[in-house]
Amino acid sequence: MIGIFDSGVGGLTVVKEIKKELPDVPIIYFGDTARLPYGNKSAETIQKFSVEIVDFLENKGCKTIVIACNSASALAADYLREKYSNLEIYDVVSSGAEAAAESTEKKKVGVIGTAATINSGVYEKKISEIDLEIKVFTKACPLFVPLVEENWIKRPETKKIARTYLRELKLNKIDTLLLGCTHYPLLEKVISGVMGRRTRVIASGSKLAGKLHEKFRDQAGKGKDKYYVSDLTPHFKTLASRILGKNTEIEKAEI
Ligand code: DGL
């Protein structure tokens with residue numbers, strides 16, 4: 001049983017990739033919708049919330065945990081690994097850094113994410129651990145999450161905002177842009193359109209799903225996928241079915 005968590009709905013973009021690779025391995029998802037967003041919170045707060053969620057998932061029988069939130073990966077992954085040495089913990093930042101390093105030919109990578117993720121400097125650190133020669137250019141794009149939440153994906157305003165956010169990254173002539181936030185894959189078309197053909201726009205979900213595939217490929221598990229949130233609204237249900245492409249049963253859970 002794989003436990004996957006995010007601050008809210010965005011982690012479902014990661015679930016989608018994992019289910020493509022491992023359709024028969026059951027997952028438990030927790031979205032902390034009552035306390036979203038994480039992207040503007042302190043490390044201390046994000047660590048505290050993450051511990052509560054991992055306890056919840058562990059109690060449900062998960063031995064493998066996926067942090068499907070870049071902000072929590074950036075600020076709580078090391079903390080969680082130290083605290084839960086009995087669990088195997090995967091995170092989207094490590095996978096994203098690997099995917100970006102593999103993708104870049106010119107050794108120029110751009111990373112966009114929430115303020116918490118970008119200000120943590122985690123991507124520069126992780127990518128330089130893989131290849132010191134790769135130059136990393138980052139940009140926080142805090143308006144992208146609410147634009148996705150409002151489903152303003154095809155609005156001209158969103159394209160304008162994307163142009164403003166991405167201008168400098170374009171000038172830096174990056175050949176790879178990593179979407180370092182779980183909501184951003186939903187804006188992939190807009191972002192790719194702004195960046196142009198010479199920039200490969202990538203997300204971390206498929207890399208992470210590939211790693212899990214290595215571990216779980218022969219282990220069809222018992223049990224049904226379960227989806228929990230800390231606050232359940234019709235809005236969340238709509239967003240969730242938009243991302244997963246089907247109606248999904250979601251329960252509210254106290255943690
Ligand atoms: N899931 C968060 C992330 O990937 C974005 C939403 C939030 O700020 O909570 O950083």
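Residue indices begin at 1 and follow the sequence shown. All ligand and atom numbering here is 1-based and tracks the order in the structure.
Residue Tyr38 has at least one heavy-atom neighbour below 4.0 Å for each of these atoms of ligand 1: 7 (C), 8 (O), 9 (O). Taking every non-hydrogen atom of Ser7 and a distance limit under 4.0 Å, the qualifying atoms of ligand 1 come out as 1 (N), 2 (C), 6 (C), 7 (C), 9 (O). Taking every heavy atom of Cys181 and a limit of under 4.0 angstrom, the matching atoms of ligand 1 come to 3 (C), 4 (O), 5 (C), 10 (O). Near Gly39, meaning under 4.0 Å from one of its heavy atoms, ligand 1 places the atoms 7 (C), 8 (O), 9 (O). If you number the atoms of ligand 1 from 1 as listed, the ones under 4.0 Å from a heavy atom of Ser71 come out as 3 (C), 10 (O).
No more than 12 heavy-atom neighbours from other residues, nucleotides or ligands sit within 6.0 angstrom of CG on Asn247. By the neighbour-count criterion of 12 heavy atoms within 6.0 Å, atom NZ of Lys106 is densely surrounded, having more than that number from other residues, nucleotides or ligands.
Checked against a 3.5 angstrom limit, the closest N/O atoms of Asp6 and ligand 1 fall inside it.
When the heavy atoms of Gly11, Gly31, Cys69 are ranked by distance to atom 2 (C) of ligand 1, first place goes to Cys69.
With a 4.0 Å heavy-atom cut-off, ligand 1 is reached by the side chain of Thr114 but not by its N, CA, C or O.
The distance from the OG1 atom of Thr114 to the OH atom of Tyr38 is 12.5 Å, given to the nearest 0.5 Å. Between atom CD1 of residue Ile255 and atom CG of residue Asp32 there is a gap of 5.0 Å, rounded to the nearest 0.5 Å.
Ion pair Arg35/Glu52 flagged as a salt bridge, since at least one NZ, NE, NH1 or NH2 atom sits closer than 4.0 Å to an Asp/Glu carboxylate oxygen.
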**OP:** Begin from the C-alpha positions of Val92 and Ile67 and carry the test side-chain contact (heavy atoms from CB on, under 4.5 Å) through to its verdict.
**Re:** CA-CA 6 Å; Val92 278; Ile67 313 175; 5.7 Å; no
